[in-house]
Amino acid sequence: AYVIAYEDTALVGLEMNSQYQGTVDERLEKMVLGRVQTIEKSITEAAVTDEEQKVQSIRSLSEKLDDATDLSQILPMMEELMQGMNTYSE
């Protein structure tokens, strides 16, 4: 999994192994949100995808975060990635 967290939302890209035969559904989104919240309790929403292109974009963006001096370049890319994605919250 690749995760980018901002404010109260986590953008999560999942790489599934061959053993998992399901899709990203509400049950999986709930599990992912719960897992993220074990690390950061302030996260209340998760946008989860297993679409290969989006997962690779999330991975690339998370690597850019390591070298970023501020979020001004990262936030627009994160917002663009989240377009069309469902956001799960409890």
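No hydrogens, no waters, no symmetry mates; every other heavy atom, side chains included, goes into these values. Each residue takes its place number in the sequence, starting with 1.
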Verdict with reasoning, Met82 to Leu11, per side chain to side chain contact (heavy atoms under 4.5 Å, CB included): CA-CA 7 Å; Met82 290 181 67; Leu11 178 58; 3.7 Å; yes
Residue pair Thr49 / Leu81, side-chain heavy-atom distance below 4.5 Å: no
Lys64 NZ to Ser57 OG distance, which is reported to the nearest 0.5 Å: 9.0 Å
Co-membership, hydrophobic cluster, residues Met85 and Tyr88, 4.5 Å side-chain: no
Rounded distance [0.5 Å steps], OH in Tyr6 versus CG in Leu75: 4.5 Å
Donor + acceptor pair across side chains of Gln56, Glu51 (<3.5 Å): no
Note, Thr44 side chain near Asp8 side chain (heavy atom, < 4.5 Å): yes
Connected via hydrophobic side-chain network under 4.5 Å: Val32 and Val55: no
Side chain Lys54, main chain Gly13, donor-acceptor under 3.5 Å: no
Any side-chain donor near an acceptor of the partner, Asp70 and Ser72, under 3.5 Å: yes
For Ile58, the option from Ile4, Leu14, Val12 that meets side chain to side chain contact (heavy atoms under 4.5 Å, CB included): Ile4
ILVMFWY cluster, Val24 and Ile43 together (side-chain gap under 4.5 Å): yes
Within 6.0 angstrom of Glu90 CD, more than 12 heavy atoms from elsewhere: yes
Met31 vs Val36 side-chain heavy atoms within contact, under 4.5 Å: no
Test item: side-chain donor near acceptor, Glu45 and Thr87, under 3.5 Å: no
Electrostatic pair Arg59-Glu63, nearest N-O below 4.0 angstrom: yes
Student check: side-chain heavy atoms of Gln83 and Glu79 closer than 4.5 Å: no
